[in-house]
Number of protein chains: 2
Amino acid sequence: MAQSDTVDRILDAAEELFAERGFSETSLRMITSKAKVNLAAVNYHFGSKNALIHAVFARFLTPFSATLEKAFDDLEARCDGTPPTLNQTLWALTESAVRMPQRNEKGISIFMRLLGLAYTQSQGHLRKFLEQEYSEPFSRFMRLLKEATPQLSSVDRYWRIQFMLGATAFTMSSSDALRDILQNKLGVETSVQEIAARLVPFLAAGMQAQDTMLIPPPSTKVSVA
Amino acid sequence: MAQSDTVDRILDAAEELFAERGFSETSLRMITSKAKVNLAAVNYHFGSKNALIHAVFARFLTPFSATLEKAFDDLEARCDGTPPTLNQTLWALTESAVRMPQRNEKGISIFMRLLGLAYTQSQGHLRKFLEQEYSEPFSRFMRLLKEATPQLSSVDRYWRIQFMLGATAFTMSSSDALRDILQNKLGVETSVQEIAARLVPFLAAGMQAQDTMLIPPPSTKVSVA
DNA sequence: GGGCCTTTCAAACGTATGTTTGAAACAGAC
DNA sequence: GTCTGTTTCAAACATACGTTTGAAAGGCCC
């Protein structure tokens with residue numbers, strides 16, 4: 001208990017604060033005082049703030065990527081030979097995320113928000129770390145997407161994947177706030193699973209959209225209903 | 001020339017640096033040295049760093065929201081009575097953004113990136129400022145979306161709007177990085193206009209997706225091709 | 001108990017930040 | 001030229017940051 005208690009408390013506090021406020025906006029002093037540990041503990045156990053950021057990501061990304069690999073294995077086994085469909089691939093990913101053992105009820109949205117921040121905040125060291133450590137499941141997901149959308153050009157597919165990533169990371173990362181707004185405005189409760197259930201069809205439809213208009217339509221009279 | 005020269009140089013430098021690095025990661029010293037003005041000039045002319053951030057947004061958001069209002073006016077006039085379609089509404093927004101008079105060739109992507117950052121980086125003061133100053137065109141856009149998708153339930157529409165926002169904000173906020181990756185991987189150049197031209201069909205298709213699966217499909221054998 | 005390694009702690013270090021200051025430079029009006 | 005209001009400038013201010021230090025405390029084997 002002694003050794004890892006401090007480490008885990010730091011990781012818990014850092015994870016939550018990073019997700020709430022971003023990396024540069026979260027100081028070690030905020031983290032250590034939330035974790036109720038000494039300021040020097042972060043540098044003692046992790047070495048630096050950047051290394052702490054990496055550790056926060058590694059703690060959920062390592063088991064997640066294992067789960068995901070297994071889900072992809074199962075999926076490909078079930079399809080023996082023929083490539084999985086887009087919906088199947090997206091659901092495999094979604095289920096792996098949702099079914100992950102969570103440390104607390106906010107687990108999933110923190111997880112998503114951190115991924116979004118990793119992409120958005122231009123922290124060079126983080127991007128390098130993630131690319132080095134988790135390139136394999138990422139490439140595999142990309143390959144599955146490619147096989148599930150052979151009709152798309154590489155460029156179209158690339159951008160549509162970015163759009164999917166954005167819709168997902170953004171929505172999941174702010175899902176607490178969004179759920180609250182919805183609760184207040186329409187009086188509806190929404191679980192993360194339900195958001196995912198709404199998101200996947202949206203993504204699949206967007207991914208399979210027919211027309212990529214490379215020239216904006218004239219602003220005058222044409223309606224593209 | 002004397003007075004506003006310094007002000008504009010500060011705004012130009014700040015705009016570019018904010019878009020490149022984010023708000024907290026950009027110091028006043030970086031801005032003033034890039035603008036070749038004295039450090040104290042920012043506080044003299046704007047009052048504070050936060051006020052400078054607001055000024056950067058106001059400089060492009062005020063003319064943009066005027067352009068947008070006009071575009072919506074035109075659109076509604078052309079449709080006399082019947083509500084504009086989803087595609088028309090999205091294109092009105094996109095065109096207003098793309099056709100805005102730019103200060104330089106990077107104008108549009110800086111503009112987009114800043115909007116993405118505004119949503120992403122949790123700068124409370126910025127969100128408050130934007131809500132106070134630009135709530136009208138935003139509400140109008142929401143109203144048009146509602147009229148263009150009468151088939152959706154309020155809840156579905158709400159979430160799908162969030163998905164659209166996410167895809168847009170996320171893509172735009174990292175669009176430079178994404179363009180670079182694409183350039184290196186596939187050797188393809190991409191303009192902001194082209195990204196927008198790819199994004200709109202994606203969004204429209206997602207928005208109009210038929211099925212909202214409220215229960216995730218069983219992980220065993222069903223394929224939802 | 002004494003020795004040894006790990007962990008905690010309060011304090012300090014050096015650096016960077018946003019902001020303020022007071023004097024200097026400049027402008028235009030009379 | 002001199003006065004007045006505005007703008008620039010170098011310097012300093014107070015504060016916050018990530019990191020380091022050296023001593024104290026704790027656990028564990030013999």
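Taking only side-chain nitrogens and oxygens, Thr6(A) never comes nearer than 4.0 Å to OP1 or OP2 of dT7(C). OP1 and OP2 of dG18(C) both lie 4.0 Å or more from every side-chain N or O belonging to Ser48(B). Put simply, Asn43(A) has no side-chain N or O that comes within less than 4.0 Å of OP1 or OP2 on dG18(D). Between His45(A) and dT6(C) there is no side-chain N or O to OP1 or OP2 distance below 4.0 Å.
Here Glu194(A) does not pair with Arg198(A) in a salt bridge; the nearest charged N to carboxylate O distance is not below 4.0 Å. Between Arg140(A) and Glu136(A), no side-chain nitrogen of the basic residue sits less than 4.0 Å from a carboxylate oxygen of the acidic one, so the salt-bridge criterion is not met.
Between Asn38(A) and Arg29(B), the residue anchored nearer the 5' end of DNA chain C, judged by the nucleotide with its closest heavy atom, is Asn38(A). Between Leu39(B) and Lys36(B), the one whose closest nucleotide on DNA chain D sits nearer the 5' end is Lys36(B).
Using a 4.0 Å heavy-atom distance criterion, Thr26(A) is classed as a sugar-phosphate-only contact.
When distances are taken from the side chain of Leu28(B) to each of dT8(C), dA10(D), dG18(C), the shortest belongs to dG18(C). In the set dC9(D), dT21(D), dC17(D), the nucleotide with an atom closest to the side chain of Met30(A) is dC17(D). Considering only the side chain of Tyr44(A), dT6(C) comes nearest among dT6(C), dA10(C), dA12(D). Checked against dT17(C), dA10(D), dG18(D), the side chain of Ser27(B) finds its nearest nucleotide in dT17(C).
The interatomic distance linking Asp5(A) (CG) with dG27(D) (P) rounds to 12 Å, in whole Å. Distance, Lys49(B) NZ to dT19(C) P: 8 Å, rounded to whole Å. Rounded to whole Å, the distance from CZ on Phe46(A) to P on dG18(D) is 15 Å. The nearest whole Å value for the distance from the CD1 atom in Ile10(B) to the P atom in dC9(D) is 11 Å. Taking atom CG of Asp8(A) as the reference point, atom C1' of dT7(C) lies 15 Å away to the nearest angstrom.
For the pair Leu61(A) and Glu133(A), the minimum side-chain heavy-atom distance is 4.5 Å or more.
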Q) Given Phe46(B) and Ile10(B), is the side-chain contact (heavy atoms from CB on, under 4.5 Å) satisfied, shown in steps? A) CA-CA 10 Å; Phe46(B) 297 93; Ile10(B) 292 175; 3.7 Å; yes
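Aromatic rings of Tyr134(B) and Phe57(B) (six-membered ring for Trp) have centroids beyond the 6.0 Å cut-off, not under it.
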